[in-house]
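A quick write-up on the structure given underneath.
The shown structure was predicted, so the numbers you read here are calculated from the model rather than taken from an experiment.
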Amino acid sequence: HNNPNPSKQGSRLKFNQDEILVVEDHLLEQRSFQIHECLLEGNCCSYTAVALAHPTELLMLHIGAHTSRLEPSWEDMSLWYQVQRQTKVLNILKEQGITSKSLPEKIASGKILHSGPCEKQSPKGCCDHPWCGTPILVTYPVGETLSSILPYHGPFSAEEATRCCRDCLAALRSAKM
């Protein structure tokens, strides 16, 4: 199922339906996910997918760009930063015991592994394969991004916005920056 030459625009990888991605976390544990569909047409970095171990739950994959492959543009840096920052915030929220129906649960995070031999020079480096070392965050449930919700559904109510801000500020306050 792994396509050795996925389509690529700049540092953004575009994965196809039914493609299998293997994610390795910081503990070197591996989990496999099968792409269901792409959610963002223009800047294709979010997908729905299922875990091969539990194929009944639809998950959200957020795919960044590897730092060594970043194009000199704000959009590509933004992809990398979004995945890194969102992962850190979700980790902090979990550590603080903050849960909400409006916040996703982190299922997995790490880097994408590719099939075949990997010739990277260091554990944090990457080889010539376009997938090698690409950061990924897997969350549940599948939801709409804030930027796609606001234009269609309007802003949050004052109560929802206050609760969301309070939760996020509490998490960020406890972060060791």
Side-chain angles (χ1 to χ4, degrees), residues 1-71 73-94 103-149:
H1 278 290
N2 283 345
N3 176 0
N5 296 309
S7 55
K8 185 175 182 205
Q9 295 178 307
S11 61
R12 294 169 305 244
L13 296 173
K14 182 172 164 86
F15 296 96
N16 301 313
Q17 185 174 353
D18 296 327
E19 204 149 22
I20 305 292
L21 299 183
V22 178
V23 176
E24 182 178 74
D25 66 18
H26 71 284
L27 300 173
L28 304 181
E29 294 179 9
Q30 297 178 9
R31 296 175 70 182
S32 298
F33 300 91
Q34 184 174 26
I35 300 288
H36 185 260
E37 72 174 319
C38 176
L39 295 179
L40 302 174
E41 288 300 321
N43 187 11
C44 198
C45 62
S46 293
Y47 298 86
T48 58
V50 293
L52 293 184
H54 304 284
T56 56
E57 290 183 338
L58 206 54
L59 306 170
M60 184 96 131
L61 304 183
H62 307 274
I63 298 173
H66 194 281
T67 53
S68 68
R69 302 188 194 289
L70 293 176
E71 298 293 323
S73 73
W74 173 249
E75 187 175 78
D76 293 329
M77 283 299 295
S78 180
L79 281 177
W80 177 85
Y81 184 77
Q82 177 184 358
V83 170
Q84 303 299 322
R85 196 77 205 133
Q86 191 171 357
T87 300
K88 182 167 183 147
V89 168
L90 288 176
N91 285 338
I92 293 166
L93 290 171
K94 185 175 183 174
L103 295 172
E105 175 189 351
K106 184 182 91 168
I107 301 300
S109 68
K111 59 185 177 180
I112 299 174
L113 297 181
H114 60 83
S115 60
C118 184
E119 299 172 13
K120 63 184 175 187
Q121 303 298 315
S122 71
K124 292 195 177 200
C126 63
C127 69
D128 291 336
H129 194 287
W131 297 12
C132 191
T134 300
I136 185 169
L137 171 64
V138 182
T139 60
Y140 175 83
V142 171
E144 294 178 87
T145 61
L146 192 58
S147 59
S148 68
I149 292 172

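When the shell of 6.0 Å around CD of Gln30 is examined, it contains more than 12 heavy atoms from other residues, nucleotides or ligands.
The OG1 atom of Thr48 lies 9.0 Å from the CG atom of Leu59; values are rounded to the nearest 0.5 Å. Between atom CD of residue Gln17 and atom NE2 of residue His36 there is a gap of 6.0 Å, rounded to the nearest 0.5 Å. Residue Leu113 holds its CG atom at 4.5 Å from CD of Glu24, rounded to the nearest 0.5 Å.
Evaluated for a side chain to side chain contact (heavy atoms under 4.5 Å, CB included) with Ile63, the options Val83, Leu21, Leu137 yield exactly one hit, Leu21.
Of all the heavy atoms in Thr87 and Ser109, the pair that sits closest is CG2-OG, 3.6 Å. Shown here for Ser46 and His62, the closest heavy-atom pair between the two residues is OG-ND1, 3.6 Å. Scanning both residues, Ile20 and Ser32, for their nearest heavy atoms gives CG2-CB, 4.2 Å. In this structure, Pro55 and Val50 approach most closely via the heavy-atom pair O-CG1, 3.5 Å. The two residues Phe33 and Ala49 come nearest to each other via the heavy atoms CB-CB, 4.4 Å.
Counting only heavy atoms from C-beta outward, the side chains of His129 and Cys118 never approach each other to under 4.5 Å.
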Next on the checklist: What verdict does the side-chain contact (heavy atoms from CB on, under 4.5 Å) test give for Arg31 and Ile107, after you've listed the backbone C-alpha separation in whole Å, the side-chain angles of each residue and the deciding distance to 0.1 Å?
Outcome noted: CA-CA 10 Å; Arg31 296 175 70 182; Ile107 301 300; 3.4 Å; yes
Next on the checklist: Applying side-chain contact (heavy atoms from CB on, under 4.5 Å) to Gln34 and Leu52, what does each step give before you reach the verdict?
Outcome noted: CA-CA 7 Å; Gln34 184 174 26; Leu52 293 184; 3.9 Å; yes
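Residues forming a side-chain hydrogen bond (donor to acceptor under 3.5 Å, both in side chains) with Asn91 (at least two apart in sequence, or on another chain): Lys106.
Taking the six-membered ring where tryptophan is involved, the planes of Tyr47 and Phe15 are perpendicular, since the angle between them exceeds 60° and thus also 30°.
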